[in-house]
Amino acid sequence: MLPGGKVERGEAIADAATRELQEETGLGVDGLLYLMELQTASTRHHVYEATVANADEARPQNEIFDCIWYPLDAIQNLNTSDATLKIIKAFQRRL
C-alpha cells in the first residue's frame, strides 16, 4: 500500500499528500513532484513522488500496519490493489 488519504476541506492536494505521508509513516517531505492523476471506479488518485531525507526512519502510524521498502520489480509478487499496481507501473516507465 502506498500512503494516501483524503484531502481535507480547504487543503491543497500537495499539502494533503505531505500530511498523509507524515501521518502514516512519520516521514517528512523535502520535495514533491506531481506525477499523475488516476481515476478508478470510485476514487480519483493524485499521485506524487516525494523526496524524504529520513527514509530509514519510516515507522507505521495511524492506519498503517508496517512500513517495508520493496524493490520496484517486486510489485508483481505483492497482493496489492489495481490502483497501486497501475501507479507503480507508471512510475517504472518514468525511470
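Counting begins at 1 with the first residue of the sequence. Every heavy atom of this structure was used, including side-chain atoms; hydrogens, water molecules and symmetry mates were not.
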Legend entry - Donor-acceptor contact present, side-chain Thr25 to main-chain Leu21, <3.5 Å: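 Yes, because the side chain of Thr25 sits within donor-acceptor range (under 3.5 Å) of the backbone of Leu21.
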
Inset, instruction - Please confirm whether the backbone N or O of Gln39 pairs with a side-chain atom of Thr43, one donor and one acceptor, at under 3.5 Å? - result: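 No, the answer is negative, given that no donor and acceptor are paired below the 3.5 Å cut-off.
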
Legend entry - Residues Gln22, Val29; criterion side-chain contact (heavy atoms from CB on, under 4.5 Å); working and verdict: CA-CA 8 Å; Gln22 198 285 321; Val29 172; over 6 Å; no

Legend entry - Euclidean distance, Thr51 OG1 relative to Leu32 CG, rounded to 0.5 Å: 8.0 Å

Legend entry - Nearest-0.5 Å distance, CG of residue Leu27 to CD of residue Glu57: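 The distance works out to 8.0 Å.
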
Looking only at non-hydrogen atoms, find the nearest pair between [X] and [Y] and report the distance.
X: Ala83; Y: His45; result: CB-NE2, 3.7 Å
X: Val7; Y: Ala16; result: CG2-CB, 3.8 Å
X: Asn54; Y: Gly26; result: ND2-O, 3.9 Å
X: Ala90; Y: Met36; result: CB-SD, 3.5 Å

Legend entry - Atom CG of Asp56 with >12 non-hydrogen neighbours under 6.0 angstrom: yes

Inset, instruction - Run through Ile13, Leu33, Leu35 and flag the one making a side chain to side chain contact (heavy atoms under 4.5 Å, CB included) with Tyr48. - result: Ile13

Inset, instruction - Find out whether Lys86 and Leu38 are in side-chain contact, i.e. whether some heavy atom of one side chain is under 4.5 Å from a heavy atom of the other. - result: yes

Legend entry - Check: His46 and Glu37 side chains under 4.5 Å, non-hydrogen atoms: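 In contact.
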
Legend entry - Test salt bridge (Lys or Arg N to Asp or Glu O under 4.0 Å) applied to Arg19 - qualifying residues, sequence neighbours left out: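 By the salt bridge (Lys or Arg N to Asp or Glu O under 4.0 Å) rule, Arg19 matches Glu8, Glu11, Glu23.
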
